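The structure appears right after this line, and notes come after that.
Protein chains get the first letters and strands the later ones, always in sequence-line order, with residue 1 at the start of each. These numbers were taken from a predicted model, which means no experiment stands behind them.
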2 protein chains.
Amino acid sequence: MSTDSSQNGDARPTLAEVARTAGVSEITASRALRGGTHVARRTLEKVEAAARALNYVPNRLAGTLAGGRSRQVAVVLPSLSNSVFADVLNGLETHLEQAGHHPILGVSNYDPHHEERLVADLLSWRPAGLVIAPAASTEATRKMLAGAGVPVVEIMDIDPAPIDMAVGLSQRAAGRAMAHYLIGRGYRKIAYVGHDISTDPRATTRLDGLEQGLSEAEIKLAATVILPGPSSVPLGREAVARLLREVEPGGLAVCFSNDDMAVGAMFHALDAGLDVPGDIALAGFNALAIGQALPLPLTSVASRRDEIGALAAKALLARFAGEDVARVQDVGFRLIPGATT
Amino acid sequence: MSTDSSQNGDARPTLAEVARTAGVSEITASRALRGGTHVARRTLEKVEAAARALNYVPNRLAGTLAGGRSRQVAVVLPSLSNSVFADVLNGLETHLEQAGHHPILGVSNYDPHHEERLVADLLSWRPAGLVIAPAASTEATRKMLAGAGVPVVEIMDIDPAPIDMAVGLSQRAAGRAMAHYLIGRGYRKIAYVGHDISTDPRATTRLDGLEQGLSEAEIKLAATVILPGPSSVPLGREAVARLLREVEPGGLAVCFSNDDMAVGAMFHALDAGLDVPGDIALAGFNALAIGQALPLPLTSVASRRDEIGALAAKALLARFAGEDVARVQDVGFRLIPGATT
DNA sequence: GTGAAAGCGCTAACAT
DNA sequence: ATGTTAGCGCTTTCAC
């Protein structure tokens, strides 16, 4: 009947109702419910009691609109089926949430135009910041990010110049390191096996680095097998089977686009009775738990994924607090020599 | 200088500015920018041109506050390191996003009190709906969900009575099915190996179901090994090694809390020279790609994780549209006999 | 320490 | 088809 919000039946109680129940003004209730500064102890208690009694849940949409900065952070990832991004997201979420922030998620599926739409959509929620693992971003996407007016962290690769901030590792250096390692182990016949990396900038850069590292020793890839679809254990298994139709085993080392693929290859070798690393040596990327738990630990490159998420979150939080943050943060990588090479 | 929003320098342009640039009123610009109904063709074009020229990004906080329903959906998951939830989240995100909705994410780490805080926090963003894979939720959490005033979907398990809607499978039935299968294969010495499931209601229910299924044949678990920490390949490897100190191999079948653990056990068997399934039979849960790619495909129970995410999203979207939705949706499961049993 | 007024950017409702 | 008015629920001034 009345338009008074304290009469709105089963709708959510508003701050106005809390205030009226506590017998204070709206703004006092507001102050009490946040920090509680500039509010008398007694008033604070009254307001808190009223809020509890009414089961008050603040409306952050209204709060943000009135007050300024949101406590949401947009997160754009190319995939979730790759556990690498699940790990990163986990690190992000943990650290954001500790500071009372929450991720709004978008998954681009490595599609640049989809990514563009996502960035636009997420930005319309006026997040306090944005974290993105780019997928061959369009120019329009880069423009939106540059003009977002909030801190932006690009994660995973630190080779390209960052729009604002970057947290990750040099994918190129990681690729080169693998080349140097294999050469050092005496391999000269080296092949690459990957999933479709045309839209995966990081896998592409790693392959570049690998070829670059090899070329420094005047070595060229003996073969390259690239299968369509996202990386997976079964795909690696199939891909290596194909490779072995082109290339003789024996002194052969194979670099995979990542550990999933390499594990698949290991399974194929077990099945086909191939000796690892005698007939075929295997090297992955990311040092996933699965590869390290194999009967023969997989040679791989450890990337600190949780750390990337954590640092990205911290970089944002620091910027929210007005602090200066390094434009580029390198979490590094570590080549893990396993028993498969 | 002026307070006129068309003079606000580098701040984001508002609808008012778009309207003024297009020479129309705010509400007309608003109408044009959404559907474009009840707007003259010519006006529509002017407004769109103005928006493009100003690089206008709508402010959905304001839109939601004024207009009603948000296009955000709260998603609360117990973990991301388990690929099962990454898959579910992927399905959710895909289908939500197609309808212009976006997930706000919270990860509870299987901590009921953390979960409670998360639900409260996420609800304060006034999402249009909420999806949760519960982690032994507190009574307070259940109350919040019941009183959220928006559709709530509990996912993964359909055994408990849903607060609002549930999408998943009967974890208990899945456990029983595994028991029946192993008994049918002639196994009588059956053990369970798991990660810490005290806060994982689904793993607990599956174990219940397993024991129940066994008891129907008057069989009791020969041994139970539960190791602290989240499930993983290395943990499964370690856990099975411990089990074999308690129980003799030979005619032994082991059920694992999930595939990760079972794969670890397989690796241990390979290493220890144990014959699978002769010495030790292995059964997992979830039918992850990794298990199916093993030289010996792993016996497991296929759960349709993407499907759960997809159906949960669709259930919400249907309810947003005012349609009726079944309270419980069973995606079922399928026992996949592999070569490890 | 507390409050009144104004407004964040948008849309629903009711004009016209 | 377009505009006017009145908020959504909160916080920022600026008073007292």
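Looking at A:R142 and A:S137, their side chains never bring a donor and an acceptor atom within 3.5 Å of each other.
A:E48 contributes atom CD, which lies 7.0 Å from atom CG of A:L33 (distance to the nearest 0.5 angstrom). For the atom pair B:L92 CG and B:K314 NZ, the distance stands at 11.5 Å (nearest 0.5 Å).
Both A:G63 and B:R41 sit near DNA chain D, but only B:R41 has its closest nucleotide nearer the 5' end. Between A:A29 and B:T64, the residue anchored closer to the 5' end of DNA chain C is A:A29, taking for each the nucleotide with the nearest heavy atom.
The phosphate of D:dC8 has neither OP1 nor OP2 within less than 4.0 Å of any side-chain N or O from B:R69. The side chain of A:T14 contributes no N or O atom lying less than 4.0 Å from OP1 or OP2 of D:dG9. The shortest distance between the side-chain N/O atoms of A:S25 and the OP1/OP2 oxygens of C:dT2 is not below 4.0 Å. At the phosphate of D:dG3, OP1 or OP2 sits under 4.0 Å from a side-chain N or O atom of B:T28. For the OP1/OP2 pair of D:dT2 and a distance below 4.0 Å, the side-chain nitrogens and oxygens of B:T43 include at least one atom meeting the criterion.
Note: NZ (B:K46) to P (D:dG3) measures 8 Å, nearest angstrom. To the nearest angstrom, P of C:dT2 lies 11 Å from CZ of A:R42. Atom CZ of A:R34 is separated from atom P of D:dC10 by 11 Å (rounded to the nearest Å). Atom CD of A:E26 is separated from atom C1' of D:dT11 by 10 Å (rounded to the nearest Å). Atom CZ of A:R20 and atom C1' of C:dG3 are 16 Å apart (whole Å). The separation between A:H38 atom NE2 and D:dT12 atom P is 12 Å, rounded to whole Å. Separating the CG atom of A:L33 from the P atom of D:dC10 is a distance of 9 Å, rounded to the nearest angstrom.
The rotation axes computed at either terminus of the helix from C:dG1-D:dC16 to C:dT16-D:dA1 lie 30° apart, taking five pairs at each end and rounding to 10 degrees.
Nearest heavy atoms, A:W125 versus B:R71: CH2-N, 3.6 Å. In terms of heavy-atom proximity, A:A312 sits nearest to A:I155 at CB-CG2, 3.8 Å.
Using a 30° and 60° split on the angle between ring planes, B:H101 and B:F320 fall in the parallel class, below 30°.
The side chain of A:I27 sits closest to D:dT12 out of D:dA1, D:dC8, D:dT12. When distances run from any side-chain atom of A:L15 to the nucleotides D:dT4, C:dT11, D:dC10, the shortest one goes to D:dC10. Set against D:dG3, C:dG3, C:dG1, the side chain of A:V24 has C:dG3 as its closest nucleotide. Nearest to the side-chain atoms of A:L65 among the listed nucleotides C:dT2, D:dT11, C:dG9 stands C:dG9.
Side-chain contact between B:L15 and B:P58: absent, with no pair of heavy atoms (C-beta onward) separated by less than 4.5 Å. Looking only at side-chain heavy atoms (C-beta outward), A:V150 and A:R319 stay at 4.5 Å or farther from each other. At a threshold of 4.5 Å between non-hydrogen side-chain atoms, the residues A:L118 and B:E93 count as touching.
Side-chain to base pairing of B:R31 with D:dG3: one donor and one acceptor N or O lie within less than 3.5 Å of each other.
Under the side-chain hydrogen bond (donor to acceptor under 3.5 Å, both in side chains) criterion, A:T43 pairs with no residue at all, not counting sequence neighbours.
Contacts between residues 52-62 of chain A and DNA chain D, defined by a heavy-atom separation under 4.0 Å, are made by A:Y56, A:P58, A:N59, A:A62.
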